[in-house]
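These notes are about the structure you will find just below.
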Amino acid sequence: MVNVEEEEDCSGGKLKRKEIRNGLRYVVFNLIYADAHYEFFNELFSTTRCILIHDLMANSRVFLSDLKSGKCASVVETRLLRFWEARNIKRGGELMWIDMLMVDVNATMIQATISANRLPKFREKLAAGSMYSISGFDVARCAQNFRLLDSSLLIRFNDSTSLEVLTDPVTPLPTEGFRFRNQSELTGLANTNTQLP
């Protein structure tokens, strides 16, 4: 008569020694498999983490004062103070672009521009006093002559730019923007053709 050894399991039942051995083999196999694939899964998780961090940075909010020259994937929240058309009087008043003045929560102002060929995409959304979330734009240097603001940078809309109307901004935005100059500063700007007083 064969003597089959039995042991109690955690629930009080009986387990045969052979079943225990099979269970141990299964556990050991899975440990070896997991160890063999550790590097693969570790690299996969690291790559996924980098992608998530990149996406978070790409969609992060920044202030106008943080902008640098180049492409910007971050989001800025601004209020459109004023906008007007720039036309070429030598070509019968042909529309060249739209210029805009924008302000953020820190009362930092910046010029923005939309070229005539991209205007149909944004024109219906433009309204003085409205607030916007803007992303996917270019940051470029302003022309040296007749700058509108102290900032040397401007926002230039491109084909990837997203312009969304804000009804509930993260922080309330100023409704106006001002620049104050004393007489000596205005005199210093006279005949320099660098800024519009």
Side-chain angles (χ1 to χ4, degrees), residues 54-91 93-166 169-171 173-197:
H54 177 270
D55 288 344
L56 286 171
M57 291 179 65
N59 295 319
S60 62
R61 289 182 175 85
V62 297
F63 300 125
L64 294 179
S65 57
D66 296 328
L67 297 179
K68 308 294 182 185
S69 294
K71 293 187 178 296
C72 181
S74 298
V75 177
V76 293
E77 292 188 350
T78 67
R79 186 186 296 275
L80 177 58
L81 297 177
R82 305 283 186 276
F83 70 97
W84 59 93
E85 297 175 343
R87 294 184 175 274
N88 189 339
I89 58 174
K90 295 181 179 180
R91 293 188 176 182
E94 176 186 356
L95 179 64
M96 297 184 293
W97 60 77
I98 288 283
D99 276 323
M100 300 172 285
L101 286 182
M102 294 185 162
V103 63
D104 71 0
V105 64
N106 294 325
T108 302
M109 292 189 291
I110 196 168
Q111 179 184 350
T113 183
I114 306 174
S115 60
N117 63 312
R118 296 189 176 100
L119 194 54
K121 178 181 177 181
F122 305 103
R123 186 63 181 262
E124 290 185 358
K125 293 183 178 180
L126 298 181
S130 294
M131 298 175 291
Y132 300 94
S133 172
I134 312 171
S135 62
F137 51 87
D138 296 324
V139 181
R141 293 280 177 183
C142 292
Q144 293 300 312
N145 294 335
F146 305 112
R147 280 194 327 215
L148 300 173
L149 301 167
D150 294 328
S151 174
S152 61
L153 300 175
L154 63 79
I155 290 175
R156 181 174 292 148
F157 285 37
N158 59 41
D159 293 332
S160 302
T161 301
S162 171
L163 179 71
E164 300 298 331
V165 177
L166 278 180
V170 175
T171 308
L173 298 171
T175 57
E176 293 289 351
F178 299 93
R179 287 192 304 165
F180 297 96
R181 297 190 185 279
N182 57 39
Q183 184 176 358
S184 61
E185 289 174 329
L186 289 174
T187 303
L189 288 173
N191 301 319
T192 62
N193 295 336
T194 57
Q195 293 189 34
L196 295 176

Worksheet item: Is any side-chain heavy atom of Cys72 less than 4.5 Å from a side-chain heavy atom of Leu67?
Response: yes
Worksheet, complete the sentence: Sorted by chain and residue number, the side chain to side chain donor-acceptor pair (under 3.5 Å) partners of Asp99 (sequence neighbours excluded) come out as Trp97, Gln111
Worksheet item: Rounded to the nearest 0.5 Å, how far apart are CD1 of Ile155 and OG1 of Thr78?
Response: 6.5 Å
Fill in: CD on Glu94 to CD1 on Ile89, rounded to 0.5 Å
13.0 Å
Worksheet item: Quick one: are Glu77 and Ile134 in side-chain contact, heavy atoms under 4.5 Å?
Response: no
Worksheet entry | Closest contact, heavy atoms only, Phe122 versus Asn158 | CZ-O, 4.2 Å
Discussion item. Heavy-atom count check: over 12 atoms from other residues, nucleotides or ligands less than 6.0 Å from Arg118 CZ?
Written reply: yes
Discussion item. Given Met131, which partner from the list Val103, Leu173, Val165 fulfils the side chain to side chain contact (heavy atoms under 4.5 Å, CB included) test?
Written reply: Leu173
Worksheet item: Just wondering, do Leu81 and Thr175 contact through their side chains at under 4.5 Å, heavy atoms?
Response: no
Worksheet item: For the side chain of Arg79 and the backbone of Gly129, is there at least one donor-acceptor N/O pair under 3.5 Å apart?
Response: yes
Discussion item. Given 3.5 Å as the limit, does a donor-acceptor pair link the side chain of Asn88 with the main chain of Lys90, or not?
Written reply: yes
Fill in: Any side-chain heavy-atom pair of Val76 and Leu64 under 4.5 Å
yes
Worksheet item: What pairs with Lys71 under salt bridge (charged side-chain N to carboxylate O under 4.0 Å, His left out), at least two apart in sequence or on another chain?
Response: Asp138
Worksheet item: Taking Lys125 for the side chain and Tyr132 for the main chain, is one N or O donor matched with an acceptor at less than 3.5 Å?
Response: no
Fill in: Greater than 12 external heavy atoms within 6.0 Å of Arg82's CZ
no
Worksheet entry | Where Val105 and Phe63 come nearest, the two heavy atoms and their spacing | CG1-CE2, 3.6 Å
Discussion item. So does Val139 get a backbone contact from the side chain of Arg156, meaning a donor-acceptor N/O pair under 3.5 Å?
Written reply: no
Discussion item. Quiz question: by atom type and distance under 3.5 Å, do the side chains of Ser115 and Asn117 form a donor-acceptor pair?
Written reply: yes
Worksheet entry | Interatomic spacing from CE in Met96 to CD1 in Ile114 - rounded to 0.5 Å | 15.0 Å
Item to complete: Give, for atom CG of Leu80 and atom CE of Met102, the distance between the pair rounded to the nearest 0.5 Å.
Response: 5.0 Å
Discussion item. For Val75 versus Ser135, what's the shortest heavy-atom pair and its separation?
Written reply: CG2-CB, 3.9 Å
Worksheet item: Taking the side chain as C-beta and beyond, is there a heavy-atom pair between Met109 and Leu101 under 4.5 Å?
Response: no
Worksheet item: Can you find a side-chain donor-acceptor pair between Arg141 and Ser152 that sits under 3.5 Å?
Response: yes
Item to complete: Can you measure from CD1 (Ile110) to CG (Asp104) and round to the nearest 0.5 angstrom?
Response: 9.0 Å
Worksheet item: Closest approach of Leu153 and Cys142, non-hydrogen atoms and distance?
Response: O-SG, 3.2 Å
Discussion item. With rounding to the nearest 0.5 angstrom, report the CG to CD distance, Leu119 to Glu85.
Written reply: 7.5 Å
